[in-house]
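We count ligands from 1, going down the list as the structure has it; atoms in each ligand are counted the same way. Values below: all heavy atoms of this structure, side chains included; hydrogens, waters and symmetry mates excluded.
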Amino acid sequence: MNSAKLKIDDKEFELPVIEGSEGEKAIDISRLRNDTGYITSDTGYKSTGSTRSAITFLDGENGILRYRGYPIEQLAEKSTFLEVAYLLIYGELPTSKELEDFTSGISRHTLIHEDMKKFYEGYPAKAHPMGILASMISALSTFYPDAQKADLTPDEVDVTVKRLIAKSATIAAWSFKKSQGHPIMYPQNRLSYCANFLHMMFALPTEEYEVNETVEKALDTLLILHADHEQNCSASTVRMAGSSHASLYAAISSGVCALWGPLHGGANQEVIEMLEQIRQNGGDVKKMVEKAKDKKSGFRLMGFGHRVYKNFDPRAKIIKKACDDVLEEFGIDDPLLDIAKSLEEVAVSDDYFLERKLYPNVDFYSGILYRAIGIPTEMFTVMFALGRLPGWIAQWKEMRDNNEPISRPRQLYVGHTERDYVSLDKR
Ligand code: CMC
């Protein structure tokens, strides 16, 4: 029986040590406050496991990422986004019948209520598509109020899952149409998930639009790579919001908002803006690296560093290769790719980055690939959200299936001690 000993003053407490299926160890402190009166302090949860999860395994020291045990490299090469979505949500790879039912179920839910179309009229033309995505997903809960029930049956959960995956793509593509001032394109259920999304994004009523297979495949791979990443900021947000028994729509909408920030999914947009700035300033990557090292500048190299990966991000490796392939096939010469490669070269051999184990993360090259397949910069984080959706759903479902209690961290209060109110005329 493994345990850890904690000594506070002259008293000793025994804390159970639990072990994960990959040999990771954790000290179970769930009874700590009851037994000792103490809490632990760990701002940013750098050493805190918030749950026990069977969805994704991540070994940051060795650059390993597996969904339900399957290596990301194999899934990216051999699987499809909807198959991976099924795997994450239901725990096993689907049989062909299960995959067919899941895929056709999603196709049947791609339309959004015609009344929701009117919401688009109210958003300003420059509305960020992440703001639209979060608010429209939250609004879905008003059209499906039954999803709020505490005792949802598995079938009721399944239909919400399908609605979310199907409708989010429509909502996202329509937010792009809104920004362009173009008419929306209705979903085409005969097309694959990615082909339908590309059609809704880029087709116009005035001309024929054929979905390019390379683009469709590249998009599918990108979505697979983003599909889950264990207890990151947005997944934890989804679990936390869901732990109050808010509906799946509400929990996912919270996750979209959490993903939006530049330190999380919003980094992919920031990377391109940073590379563009370097290009406009004559391509001096060394200057940018020096700026990132200077704490006073408040600037960070976007697309570099990760809370968990301290060696390399396996997703970045796959994206870099996909990026080279797509650019070569389309004969695109993107100057930002050359800048990105020189920036990586300078940064990864710099002592500051080496000492802190800062390597390119998934967002470093994903933007260049999105650009190559025609996705506009403002939509990058939305693409990340579409990819992450199955992961968020799986995290929410696992939390519910395990009957986890409401998430409610404690704090160390460091404010004023009690003091008397002072009336306005005496201040
Ligand atoms: N550029 C320059 N310095 C950095 C960077 C960076 N991108 N990232 C971390 N550092 C430094 C940081 O200043 C600190 O230095 P010191 O020890 O001297 O104080 C040290 O490295 C450790 O950083 P941290 O902020 O304590 O690490 P964290 O685990 O809290 O943050 C991170 C992880 C991803 C937020 C951070 O690396 C970062 O801000 N990166 C840039 C934004 C980015 O690319 N985000 C996308 C993450 S991957 C997609 C996703 O899953 O969301």
Pair [X] + [Y], salt bridge at N-O below 4.0 Å:
X    : Y    : result
K287 : E290 : no
K321 : D325 : yes
E73  : K317 : no

Requested in this report: Using the test side chain to side chain contact (heavy atoms under 4.5 Å, CB included), find all partners of S253 that sit at least two apart in sequence or belong to another chain.
Outcome: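 S253 satisfies side chain to side chain contact (heavy atoms under 4.5 Å, CB included) with A134, I137, S138 once adjacent residues are dropped.
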**Report entry** By ring-ring contact (aromatic ring centres under 6.0 Å, His included) - contacts of Y90 (at least two apart)
**Finding:**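 Result, ring-ring contact (aromatic ring centres under 6.0 Å, His included) vs Y90: Y86.
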Query raised in the report: With sequence neighbours left out, what residues match Y186 under ring-ring contact (aromatic ring centres under 6.0 Å, His included)?
Result: W174
For ligand 1, run through the N/O pairs with the protein that fall under 3.5 Å and put one pair on each line.
{"from": "ligand 1", "atom 1": "1 (N)", "to": "L301", "atom 2": "N", "distance (Å)": "3.0"}
{"from": "ligand 1", "atom 1": "3 (N)", "to": "Y352", "atom 2": "OH", "distance (Å)": "2.9"}
{"from": "ligand 1", "atom 1": "7 (N)", "to": "L301", "atom 2": "O", "distance (Å)": "2.7"}
{"from": "ligand 1", "atom 1": "7 (N)", "to": "F304", "atom 2": "O", "distance (Å)": "3.0"}
{"from": "ligand 1", "atom 1": "13 (O)", "to": "K295", "atom 2": "NZ", "distance (Å)": "2.9"}
{"from": "ligand 1", "atom 1": "13 (O)", "to": "R300", "atom 2": "NH2", "distance (Å)": "3.3"}
{"from": "ligand 1", "atom 1": "15 (O)", "to": "K295", "atom 2": "NZ", "distance (Å)": "3.0"}
{"from": "ligand 1", "atom 1": "15 (O)", "to": "R356", "atom 2": "NE", "distance (Å)": "3.2"}
{"from": "ligand 1", "atom 1": "18 (O)", "to": "K295", "atom 2": "NZ", "distance (Å)": "3.0"}
{"from": "ligand 1", "atom 1": "18 (O)", "to": "R356", "atom 2": "NE", "distance (Å)": "3.0"}
{"from": "ligand 1", "atom 1": "18 (O)", "to": "R356", "atom 2": "NH2", "distance (Å)": "3.0"}
{"from": "ligand 1", "atom 1": "25 (O)", "to": "R300", "atom 2": "NH1", "distance (Å)": "3.0"}
{"from": "ligand 1", "atom 1": "25 (O)", "to": "R300", "atom 2": "NH2", "distance (Å)": "2.9"}
{"from": "ligand 1", "atom 1": "26 (O)", "to": "K46", "atom 2": "NZ", "distance (Å)": "3.1"}
{"from": "ligand 1", "atom 1": "29 (O)", "to": "R307", "atom 2": "NE", "distance (Å)": "2.7"}
{"from": "ligand 1", "atom 1": "30 (O)", "to": "R307", "atom 2": "NH2", "distance (Å)": "2.9"}
{"from": "ligand 1", "atom 1": "39 (O)", "to": "R300", "atom 2": "NH1", "distance (Å)": "2.8"}
{"from": "ligand 1", "atom 1": "40 (N)", "to": "F304", "atom 2": "O", "distance (Å)": "2.9"}
{"from": "ligand 1", "atom 1": "44 (O)", "to": "G303", "atom 2": "N", "distance (Å)": "2.9"}
{"from": "ligand 1", "atom 1": "44 (O)", "to": "N361", "atom 2": "ND2", "distance (Å)": "2.9"}
{"from": "ligand 1", "atom 1": "45 (N)", "to": "L263", "atom 2": "O", "distance (Å)": "3.0"}
{"from": "ligand 1", "atom 1": "52 (O)", "to": "H264", "atom 2": "ND1", "distance (Å)": "2.4"}

